There are 2 protein chains.
Amino acid sequence: MSKPAPSSGFLSDLITRNASRLTGSDTRLLDVLVKDPVRAAIENGKEVSLRAGVHPAAAVRLAKRLGFEGYPEFRTYLQSSLVDEGNDFENPAARMAARLVRAEEGQVLSSILDSEIAALEALRTAVPDSDIRSFSEALRDARKIFIFGRGHAASLSSLITLRLQRSGYDVADLGDRTHHFAEMLNTLSPADVVWLLAFRRPSQQISDANGIASMRGAKRLALTDLHAARFDPAPDHQICASRGEAGESQSLVVPMTIANAIILDLAGIDAGKSIRSLEEFKAFRQSLPPRWRR
Amino acid sequence: MSKPAPSSGFLSDLITRNASRLTGSDTRLLDVLVKDPVRAAIENGKEVSLRAGVHPAAAVRLAKRLGFEGYPEFRTYLQSSLVDEGNDFENPAARMAARLVRAEEGQVLSSILDSEIAALEALRTAVPDSDIRSFSEALRDARKIFIFGRGHAASLSSLITLRLQRSGYDVADLGDRTHHFAEMLNTLSPADVVWLLAFRRPSQQISDANGIASMRGAKRLALTDLHAARFDPAPDHQICASRGEAGESQSLVVPMTIANAIILDLAGIDAGKSIRSLEEFKAFRQSLPPRWRR
DNA sequence: CTAGGTCTGCAATTTGAATTGCAGGCTACA
DNA sequence: TGTAGCCTGCAATTCAAATTGCAGACCTAG
């Protein structure tokens, strides 16, 4: 407790420095504080804790855990960082324009944020909800689901697999296991769904998978960017989203967000199957001894 | 005194409206308030009046003369104009709040976009570039890099591994291969870096890995959200980012964006190592027969 | 299943800000 | 010059925020 509070800097410094001591109430409070730093600096402890849904005492305890004398001193700290950056309430567009003029050094995160946010904003008009729905309907009606992605898309395929499995679906991830490739595809039936992921270039293996799935009559879904959009027997449904600038965008933010939307939509149309399965999984995990959780 | 306080607008309105009643102390106070509206909204009556060189009671009397119930209400008014300005660059958050009230049907993607964009916007103020830099410097100077994440974080660890490998670094992904766990960690030396990924809950294995890495003197980096921030021997560097609502946010968009920023920053400080390696990789891939590309 | 430790919410207490009654001082005007 | 009216600072009081002790709840390990 004798740790002196830093004179300036970001809240994140404090959080990471004292991360080992933080409790559940603390994180809920910090969520609120981080989300809207302006209100955080203005409001008093009672208001903040009400907004976070915790007892006012929790705010005091958080402040002490972070090394402050009490909540007022903590709020003073929050205010100091606010006043320091108080100069720029410009909109993001103006900020981006200003940055393009300035030198690049030391603006890495902010510059990436601008580009990601712009890409997501573009999504809003580029992909209609009906496309999301056609994916989720196909998944809902599938006997078995195969997710297929290579390279960067393999990371996404593993994430999608994990989430769909937890939602109670029978899913196989073909992202890494190239050796099981033939065996898996061999079991394909017209009741199955193959979800293809491809970015940058259409991989040869993806094309092969598409061909085989087509021959066997399985339903094929494709989530791609503009560079990998060409599949020869056209998939039953395809969502094709721009991943921002042609520059070095290796980011999977846009396709991952689409996948999240699909999975969330699926939970809304499968008559509670996802919800129930997630509940069961949660209960199951809690029944395990702590060492095995996750 | 029964005049109701205006619900919106600027301080100047109030001043001109009640100009006839204002006294000497009042003008000295208002000078201070107008000169720095941000501090005015933040500080309490005592501080403001001391700064203006008048007695604290004068602040209360000014507030009453302007038609407020008391000084706290006056300060709330000053804050409201400040927060209103702030809300202007927070469109997605406001929109999300509006939608949560409305019916959910048929807005899946747009709703997810709002929440992701709001989370990314919050990142801008929450994580300073210096944190990014400390990660990238540690990675640059590492002999060997170990990436560690379980559950959802495993997808991210595989993506990070892939990208760092293509940038020419010696990286091992401990995301899935739990069986090699001990063997990998056994080779740890103080020249190595262990990058831990954890969200939702601190996994037991992650904690173990952190402990072992600490004993062996390897440098430890942690990228977490607020709920998984606790590592007992505190890591050498930690970035701890809020992933939006406590609701069902399983999204990896925020941590993935941070990881992208780190890898991009790394390419800027490693004297061309990343760039060269990426070029080589590109040339190598094109030298392969088409069937093997990707 | 039990014991130990930690976290959380409640409630009592403390602290400090906000308010107001009062007295002194200034000014304007007769 | 006297006096009425207003403003100001002081100090006592009121009120709300902040703090802390305590007991129940939860989790963990044995």
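Keep in mind the model is a prediction, meaning the values are calculated, not measured. Naming: A, B, ... by sequence-line order, numbering from 1 per chain.
If you take CZ of A:Phe74 and P of D:dA18, they are 12 Å apart, rounded to a whole angstrom. The separation between B:Leu50 atom CG and D:dC10 atom P is 11 Å, rounded to whole Å. Computed from coordinates, the A:Leu29 CG to C:dG9 C1' distance equals 14 Å when rounded to whole Å.
Dashed line: the shortest gap from a side-chain N or O of A:Thr23 to OP1 or OP2 of C:dT8 is under 4.0 Å. The phosphate of D:dT8 (OP1 or OP2) has a side-chain N or O of B:Ser25 nearer than 4.0 angstrom.
Atom CD of B:Glu69 is surrounded by 12 or fewer heavy atoms from other residues, nucleotides or ligands within 6.0 Å. Counting non-hydrogen atoms of neighbouring residues, nucleotides and ligands closer than 6.0 angstrom, the NZ atom of A:Lys46 reaches no more than 12 such neighbours.
Applying the salt bridge (Lys or Arg N to Asp or Glu O under 4.0 Å) rule to B:Asp225 yields the partners B:Arg243; only residues at least two apart in sequence or on another chain are considered. The side chain to side chain donor-acceptor pair (under 3.5 Å) test applied to B:Lys219 returns no partner, not counting sequence neighbours. Considering only residues two or more places apart in sequence or on other chains, B:Arg51 meets the salt bridge (Lys or Arg N to Asp or Glu O under 4.0 Å) condition with B:Glu43. In terms of the salt bridge (Lys or Arg N to Asp or Glu O under 4.0 Å) criterion, B:Asp131 has no residue partners (sequence neighbours excluded).
Rounded to the nearest 0.5 angstrom, A:Lys35 NZ and B:Glu121 CD are separated by 13.5 Å.
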Item to complete: Assign a letter to each nucleotide of nucleotides 15-23 of chain C from its 5' end: B, base within under 4.0 Å of a protein heavy atom; S, sugar-phosphate only; -, no contact.
Response: --SSBBBB-
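Side-chain atoms of B:Asp173 and B:Ser157 form a donor-acceptor pair, as typed in the model, at a separation below 3.5 Å.
One end of the helix from C:dC1-D:dG30 to C:dA30-D:dT1 points its axis 20° away from the other end's axis, with each axis taken from 5 pairs and the angle rounded to 10°.
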